[in-house]
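These values consider heavy atoms only, across backbone and side chains, with no hydrogens, waters or symmetry-generated copies. Just so you know, ligand 1 is whichever comes first in the structure, and atom 1 is the first atom listed for that ligand. From a predicted model like this one, the values you see are computed outputs, not experimental measurements. We're numbering straight along the sequence, starting at 1.
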Amino acid sequence: MKQPETLKSSTSVIHIPIHAPAHAAVHAPVHAPIHAIDLIRKKRDGLALTEHEIKFLADGAATGSIPSDQLAAWLMAACIRGLSLDETRALTLAMRDSGEKFSPHALGKIAVDKHSTGGVGDKTSFLLAPLAAACGVVVPMISGRALGHTGGTLDKLESIPGYRTALSLEEFETVLRQCGASIVGQTPALVPADRVLYALRDRTGTVENPGLICASILSKKLAAGLDALVLDVKTGSGAFLRSHEECEYLAALLVTTAEAAGTRTVALLTDMDQPLGYAAGNWIELIEAVEVMRGERKPESENLRELSLILAGWMIHLGGQADTLELGYARAEKALTDGSALRIFFEMIAAQGGDLSVFDDMRAFHKPGATRVVEAWESGYIATMDTTALGWAVQRLGAGREKAGEPVDPHAGIFFHARRGARVKRGQPLASLYATTAAQLAEPEEIFRRAINLSEGPPHAVVPLVRRIFTRAEAERYLQSAP
Ligand code: URA
């Protein structure tokens with residue numbers, strides 16, 4: 001995943017611009033015509049593209065002027081050869097500018113958002129968006145759907161009857177003005193280059209390249225006009241990128257690229273060696289998030305509560321509403337305990353058409369088609385959890401999708417009754433699995449059993465919730481010294 005040595009600087013760039021003669025009354029460079037085939041060859045041969053060439057590719061993807069076979073060939077070359085820091089920055093900005101953009105500045109508040117690289121049971125957005133809004137920043141959150149083994153914020157929210165995730169930019173602004181936070185999906189006109197390139201990457205095995213991931217994530221966040229951004233880069237057995245080094249590289253790349261685009265950014269590397277909280281699915285994740293906001297402190301939800309407060313603390317601090325991170329955390333905790341975050345969360349749901357009556361008795365609203373309780377097959381400690389496999393079990397229960405566009409079951413998912421490190425007795429319930437039909441339970445149960453490793457003694461390593469923090473200075477230092 002680290003960049004090949006030859007590509008770490010842009011010294012190998014071949015400059016195409018032909019500068020006009022000094023007497024000509026033009027100041028911008030005149031560019032020779034560009035052909036997609038030349039850019040594919042150039043990247044295939046390990047050379048870096050210019051900013052102008054990268055823009056040609058992003059615009060070609062957005063408008064359809066470059067056919068998908070040529071885009072796919074270039075993506076494969078980029079995936080194998082890597083992108084320099086300059087190319088990554090150029091691609092991010094060109095993709096950001098490929099369509100319509102949102103400007104939150106008329107709202108008169110500092111706009112801050114959080115992005116997570118995706119995990120299992122990751123429902124922090126439901127807590128931290130209203131927490132940060134309660135503390136004075138505005139949170140224009142453009143979220144995604146379930147992808148592979150990871151859940152999708154939009155799919156979870158759509159389990160609330162009536163909740164609309166497809167708002168126009170005008171409606172988005174109205175909700176933000178009214179509530180301070182809004183969670184919506186990407187509009188068709190926002191970052192069209194990513195829409196095309198992401199679908200191609202998904203089909204051609206070219207997702208896992210740090211430059212391409214960085215440009216894809218940040219183009220969407222920067223198109224939302226953010227002043228500041230907090231990145232939650234997951235690391236561990238449930239992370240999108242498996243090695244810790246790859247996660248560190250991606251975090252540093254994201255921070256330096258977003259900062260170069262003028263957005264104050266910090267990245268936290270956080271633990272995904274077990275699901276976050278006790279619920280993974282759609283509606284059941286809302287149950288857990290609202291329980292935490294109602295002040296119910298179950299030990300199984302403590303990592304969710306703590307991470308949400310840490311991330312919200314950073315949002316409040318970067319958004320200028322607290323001088324230090326510690327004060328940001330304290331303000332977020334107050335907004336959690338005094339009920340103001342929950343009030344904003346409910347206001348946002350109502351403003352986006354959601355039926356609040358389902359929160360009166362959240363468990364009564366949970367009506368899965370089929371349920372199975374999995375019991376411990378022997379006594380011992382939960383030593384490790386293969387969290388990616390647990391995510392696939394959740395997806396196969398019906399909470400996620402096999403192909404883009406498929407419906408998901410709002411009631412499917414898993415309640416985890418024991419966490420990593422817990423001592424369990426044979427026959428003790430480890431998890432409840434919820435699916436659409438009984439026939440859908442067998443495979444996820446099998447995956448679950450293989451994903452949980454029971455040992456005689458307690459696990460040795462205690463994994464911290466936040467493993468590393470990349471501020472701008474730390475990210476620049478890391479990239480300068482990266483091998
Ligand atoms: N999420 C995105 O939006 N893009 C990627 O490339 C990977 C994760």
Side-chain angles (χ1 to χ4, degrees), residues 1 3 54 57-58 61-62 71-72 74-76 78-80 82-83 87-96 98-99 102 113-120 122 124-125 140-156 165 183-188 190-224 226 229-235 238-243 246-255 257-258 261 263 265 267-270 272 388 391 395 400-401 404:
M1 180 62 95
Q3 300 293 288
I54 295 265
L57 281 167
L71 290 172
W74 185 82
L75 286 169
M76 185 55 84
C79 207
I80 294 169
L83 296 176
E87 286 179 299
T88 301
R89 193 173 304 130
L91 185 60
T92 305
L93 299 185
M95 285 168 64
R96 174 197 68 184
S98 67
F102 178 68
D113 193 7
K114 178 246 23 169
H115 177 82
S116 150
T117 55
V120 178
D122 185 0
T124 59
S125 294
M141 192 176 271
I142 300 174
S143 291
R145 297 205 171 268
L147 179 71
H149 74 282
T150 65
T153 298
L154 300 181
D155 296 311
K156 297 170 197 177
T165 54
I183 307 179
V184 297
Q186 204 181 335
T187 69
L190 203 90
V191 197
D194 182 62
R195 194 175 286 280
V196 173
L197 292 177
Y198 195 86
L200 274 177
R201 287 167 60 212
D202 204 26
R203 291 205 303 274
T204 57
T206 52
V207 169
E208 295 93 344
N209 170 271
L212 297 177
I213 296 172
C214 174
S216 169
I217 291 175
L218 287 185
S219 57
K220 289 172 283 201
K221 291 290 153 186
L222 300 179
L226 300 177
L229 175 63
V230 177
L231 294 157
D232 179 8
V233 178
K234 302 291 186 192
T235 178
F240 177 52
L241 297 175
R242 295 312 282 269
S243 93
E246 287 173 334
C247 296
E248 286 187 331
Y249 183 82
L250 178 63
L253 188 62
L254 285 162
V255 171
T257 308
T263 300
T265 304
L268 279 68
L269 251 74
T270 73
M272 198 22 82
T388 292
Q395 185 255 1
R401 44 177 73 79

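- The list of salt bridge (charged side-chain N to carboxylate O under 4.0 Å, His left out) pairs with a residue in residues 141-153, not counting sequence neighbours, reads Arg145-Asp155, Arg145-Glu158.
- Looking at Leu229 and Leu254, their side chains never come closer than 4.5 Å, going by heavy atoms from C-beta outward.
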N or O contacts of ligand 1 with protein under 3.5 Å, please list pair by pair.
residue	atom	partner	partner atom	Å
ligand 1	3 (O)	Lys220	NZ	2.5
ligand 1	4 (N)	Ser216	OG	2.6
ligand 1	6 (O)	Arg201	NH1	3.0
ligand 1	6 (O)	Arg201	NH2	2.9
ligand 1	6 (O)	Ser216	OG	3.4

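- A donor-acceptor pair shorter than 3.5 Å cannot be found between the side chains of Thr265 and Thr263.
- Judged as a side-chain hydrogen bond (donor to acceptor under 3.5 Å, both in side chains), and not counting sequence neighbours, Ser243 has no contacts.
- Side chains of Lys114 and Ser125: a donor-acceptor N/O pair is present below 3.5 angstrom, by distance only.
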Taking only distance into account, with no hydrogens and no angle test, what donor-acceptor pairs under 3.5 Å do side-chain atoms of residues 191-200 form with protein atoms, sequence neighbours excluded?
residue	atom	partner	partner atom	Å
Asp194	OD1	Ser216	OG	2.8
Asp194	OD2	Lys220	NZ	3.0
Arg195	NH2	Thr187	O	3.0

